[in-house]
Amino acid sequence: MIRIGVLISGNGTNLQAIIDGINQGVIDGNIELIISNNENAYGLTRGKEAGIESIYLNPKESREDVYYSQKLIEEFNKRHVDLIVLAGFTKILSKEFIETYKNRIINIHPSLIPSFCGKGFYGEKVHKAVLDYGVKYTGATVHFVDEGADTGPIILQEIVAVDKDDTVDTLKQKVFKIEHQLLVKAIRLYCENRLTIEGRLVKSIRGDEMKRALISVYDKTGIKDFAHKLMDLGWEIISTGGTYKELKKAGIDVIEIENITDFPEILDGRVKTLNPYIHGGILYKRDDNSHVKTIEEMNIGPVDMVVNNLYPFEETINKADVSHDEIIENIDIGGPSMIRAAAKNYKYVSVIVDPKDYDKVLAELETDEDTSIETRRYLARKVFNYTAYYDALISNYFNQLDNVQYPDYVALGYKLQQGLRYGENPHQSAAFYREAGKIKGTIANGAKLHGKDLSFNNINDANAAIDMIKEFDEPTVVALKHTNACGIGSGDTLLEAYNKAYECDTESIYGGIIVVNRQLDKDVAMEISEIFIEVVIAPSFTKKAMDILTKKKNIRLIQIEGIKNINNNEIDFKRVSGGLLIQQKDSILLNDEIEVATDRQPTKKEMEDLLFAWKAVKNNKSNGVVLAKDKATLGLGAGEVNRFWAVENTIERAKGKVKGSVLASDAFFPFKDSIEILAKAGVTAIIQPGGSIRDKEVIEEANKNNMSMVFTGIRHFKH
């Protein structure tokens, strides 16, 4: 244990910091004697209250400084003091005193030596000079004392930013805070025999128990506080580039990475951590004798923690008018290599990529002085998920760049948006993941304005409803349940459209989803409030509509900006056991031309209704058919295994309103039987893809009943 002597002249706040450091076990030393040249120094009281011998030596009793210094030497020698700490001592020490305790006297100065130091610069005079010169940064310096005035080898320095509104007093308080931390750390390093002097350079030697963290982050959320706490826990911190500068400004004792690698950052920062002195320190097995021997022979310092998050590739590709060159520069190389190395060696190394984990790690370090193997494995798992997502974004970008839809290897980039209470059924667990990129007009970009969180089925149904509403340009309402529409209506106003959708099936709409493609106003809100609806989706809501609907506790209100936005480059995935089906999304409504296959041409009104019905049937499950009239669905058949059954059920659901209506079928009619019952019910026109081997007899049946039939040449199966 190191025996410490302290010299003071004033209040002794730095002295108190040393006393606290010893009491907390940070400093492996003991203060044997406190001497002051000021009889009224409060520091003497602090010392006595701490049970430390504290004395006043009157400098006026000595004719010259040299005699006063001899008294100091005599008192300190009696106590066999190893280290002298000047904790705000204003008297000049003699050459004899400095020689007696050469490289064993530590002083603290309230500036960044060599600025604002030397003769005449002490106390508040330093801070006034800093403000007078208008510098942006000041700080504190701990140094060994030599014969010059503040010229001894520097042990530690910390930066303090000077704000525009700083006064001498506010600046003094900021520097004081840093001084206390810095002085305690310097004494700790000395007591642990970890300071060596080479010429004017002081080097800090890594102790056997001292852990090292490499911090290099793009997202700097919380990193200053985290690094400060690591430093307080005795960790050595190394860093790179912008992170190094941020930490240094924050007063954190940080080592620049090139001082570890003996190699500068090159190529505008493209190469900085790709170095054996870094990766060797991360990857070696601590319990493998051959690894340990190699590390020792090559003088590679261990890296016990890596804190890193990657260049913002995702944010970059989502920027407007971003160049290819900028995107390429935001592909991180060193970061993924470093965190993957640390994750691979998680048995010995902690790796943090998410600022949310800082508190978890610190809690374990404070309690157990290390992270548990379970925590390190948890952190490693997050790394591999993170880098897989990151690489998926990059691979997908290059695939899109070259219009490659089906690459040899598929990487999917999805990020957890929310956990769900359960899946389609209560016994199934579930979660919702958001696709990389900001795709407008999707449920993933919806903003919940009211109500509890969406369920698995709510999200699935909402997605289907949004796909349907995108087909329509005029004011339209889609009512949906179990991913199939139970009513669709278009009109001159949203209220007219709502009434049409509601009248299609006044029972099935109960507990369903409603989506609209215009701002939802109070008139429609009043109608919706009369029934139980799970979710209402709109591009926006009027205040009065919100006032009405928010009175219903269990309704969810979702705002989706850009609800009409269509991304024709989207692809669909269908998971099958042991594999994945990938296809282009069905984003085409019609081919360039449609063909009237019958003798009778459809009327203008029939054609309007046919196109409306075609839009409605496109997104319903196959086999799907829709009866419509006046831009309103009358009956919908979906998910049937037999097209005739779909037609039969749809006629029944239209409840006698079929006469004069039109029908749309998502695929061709294989037999004429459906045409027969449609004609009998009063349907006047049909739209279908065509392409059956029995098209001729189907057309003949339509002609026989004076029906018009349009072939689209495109089908819309949806399974």
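Here the structure is a predicted model, which is why all the values come from computation and not from measurement. Computation of the quantities below employed the complete heavy-atom set of this structure, encompassing side-chain atoms and omitting hydrogens, waters and symmetry-equivalent molecules. Here, residue 1 is the first one in the sequence, and each next residue gets the next number.
Heavy-atom minimum distance, N330 versus F313: O-CB, 3.5 Å. Across L589 and K618, no two heavy atoms sit closer than the pair CD1-CD, 4.0 Å. Considering every non-hydrogen atom in both L494 and P475, the closest pair reads N-CB, 4.0 Å. Of all the heavy atoms in I537 and I513, the pair that sits closest is CD1-CG2, 4.3 Å. Scanning both residues, I278 and I238, for their nearest heavy atoms gives CD1-CD1, 4.3 Å. Nearest heavy-atom pair across I443 and I560 is CA-CD1, 4.1 Å.
Electrostatic pairing of K500 and E496 counts as a salt bridge here, judged by a charged N lying under 4.0 Å from a carboxylate O. In summary, K543 and D547 engage in a salt bridge, as defined by a charged side-chain N under 4.0 Å from a carboxylate O. Between K440 and E561 no salt bridge is recorded (no basic side-chain N to carboxylate O distance below 4.0 Å).
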May I have the list of side-chain donor-acceptor pairs in residues 401-413 shorter than 3.5 Å, sequence neighbours left out?
none

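Among residue pairs with one or both ends in residues 504-516, those qualifying as side-chain hydrogen bond (donor to acceptor under 3.5 Å, both in side chains) are D505-S508; sequence neighbours excluded. Within the structure, every pair that satisfies the side-chain hydrogen bond (donor to acceptor under 3.5 Å, both in side chains) test and touches residues 549-559, not counting sequence neighbours, is listed here: N458-R556, E534-R556. Applying the side-chain hydrogen bond (donor to acceptor under 3.5 Å, both in side chains) test to residues at least two apart or on different chains, the pairs with a partner in residues 514-529 are Q519-S540.
At least one donor-acceptor pair under 3.5 Å links the side chain of N345 to the backbone N or O of I282. Not a single donor-acceptor pair under 3.5 Å links the side chain of N460 to the backbone N or O of F456. Although no hydrogens or angles enter the test, the distance criterion places a donor-acceptor pair under 3.5 Å between the side chain of T243 and the main chain of V217. No donor-acceptor pair closer than 3.5 Å links the side chain of T371 to the backbone N or O of R376. No donor-acceptor distance shorter than 3.5 angstrom exists from the side chain of K224 to the backbone of E246, with no hydrogens or angles considered. Formation of a donor-acceptor pair under 3.5 Å by the T633 side chain with backbone atoms of G635 is not found in this model. Checked by atom type and distance alone, the side chain of N463 never pairs as donor or acceptor with a backbone atom of I459 at under 3.5 Å. Using modelled atom types, one side-chain atom of N484 and one backbone atom of K621 make a donor-acceptor pair closer than 3.5 Å. Judged by distance alone, the side chain of D304 and the main-chain N or O of R212 form a donor-acceptor pair under 3.5 Å. At distances below 3.5 Å, at least one donor-acceptor pair connects side-chain atoms of S239 with backbone N or O atoms of I215.
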So F573 and L580, side chain to side chain contact (heavy atoms under 4.5 Å, CB included) or not? Walk me through it. CA-CA 7 Å; F573 302 98; L580 186 71; 3.8 Å; yes

In sequence, state the C-alpha distance, the side-chain angles, and the governing distance for D467 and K585, and then conclude on side chain to side chain contact (heavy atoms under 4.5 Å, CB included). CA-CA 11 Å; D467 279 348; K585 189 163 185 177; 3.1 Å; yes

Could you please spell out the steps behind the side-chain hydrogen bond (donor to acceptor under 3.5 Å, both in side chains) verdict for D325 and S323? CA-CA 5 Å; D325 286 346; S323 69; 5.5 Å; no

R381 vs Y346, side chain to side chain contact (heavy atoms under 4.5 Å, CB included): CA-CA, chis, key distance, verdict: CA-CA 10 Å; R381 170 175 57 79; Y346 76 86; over 6 Å; no

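Side chains of T221 and D219: a donor-acceptor N/O pair is present below 3.5 angstrom, by distance only.
Partner of D666 under the salt bridge (charged side-chain N to carboxylate O under 4.0 Å, His left out) criterion, out of K615, R643, K718, R715: R643 alone. For the side-chain contact (heavy atoms from CB on, under 4.5 Å) test with K470, the passing option among V478, V515, T476, I566 is I566; the others fail.
Side-chain contact check for M338 versus V351: every heavy-atom pair is 4.5 Å or farther apart. Under the 4.5 Å side-chain criterion, counting only non-hydrogen atoms from C-beta, L611 is in contact with L590. Between Y498 and V516 the shortest side-chain heavy-atom distance does not fall below 4.5 Å. The side-chain heavy atoms of V524 and I514, taken from C-beta on, include no pair separated by under 4.5 Å. Looking at heavy atoms from C-beta onward, R340 lies in side-chain contact with F384 at the 4.5 angstrom threshold. I488 is not listed as a side-chain neighbour of C504, based on a closest heavy-atom distance of 4.5 Å or more. Side-chain contact between D461 and V535 is absent, with no heavy-atom pair separated by less than 4.5 Å. With a 4.5 Å cut-off on side-chain heavy atoms, I252 and L230 do not count as touching.
Note that the CD1 atom of I352 and the CG atom of D357 stand 6.5 Å from one another [nearest 0.5 Å]. One finds the CE atom of M305 at 8.0 Å from the CG atom of D370 (value rounded to the nearest 0.5 Å). Put simply, CZ on R377 and CG on L379 are 11.0 Å apart, with the number rounded to the nearest 0.5 Å. Taking NZ of K574 as the reference point, atom CD1 of I582 lies at 12.5 Å (rounded to 0.5 Å). Here the CD-CG distance, from Q418 to D453, works out to 5.0 Å after rounding to the nearest 0.5 Å. For the atom pair CG of D572 and CD of Q583, the computed distance is 5.0 Å after rounding to the nearest 0.5 Å.
E530 meets the side-chain contact (heavy atoms from CB on, under 4.5 Å) test with no other residue; sequence neighbours excluded. Qualifying side-chain contact (heavy atoms from CB on, under 4.5 Å) partners for D332, counting only residues two or more places apart in sequence or in other chains: L310, Y311, P336, Y390.
Annotation for Y433: atom OH does not count as buried by contact number, only 12 or fewer foreign heavy atoms lying within 6.0 Å. No more than 12 heavy atoms of other residues, nucleotides or ligands shown are found within 6.0 angstrom of CG on D492. Within a 6.0 Å radius of NE2 in H482, other residues, nucleotides and ligands contribute 12 heavy atoms or fewer. With a 6.0 Å radius and a threshold of 12 heavy atoms from other residues, nucleotides or ligands, K248 has its NZ atom above the threshold. Around atom NZ of K245, no more than 12 heavy atoms belonging to other residues, nucleotides or ligands sit under 6.0 Å away. Heavy-atom neighbours of Y218 OH from other residues, nucleotides or ligands within 6.0 Å: at or below the threshold of 12. The environment of CZ in R421 is sparse: at most 12 heavy-atom neighbours from other residues, nucleotides or ligands sit within 6.0 Å. The environment of NZ in K344 is sparse: at most 12 heavy-atom neighbours from other residues, nucleotides or ligands sit within 6.0 Å.
Y358 and F226 have their aromatic ring centers within a separation under 6.0 angstrom.
A cation-pi arrangement, defined by a distance under 6.0 Å to the six-membered ring centre and an angle within 45 degrees of its axis, is present between K360 and Y378.
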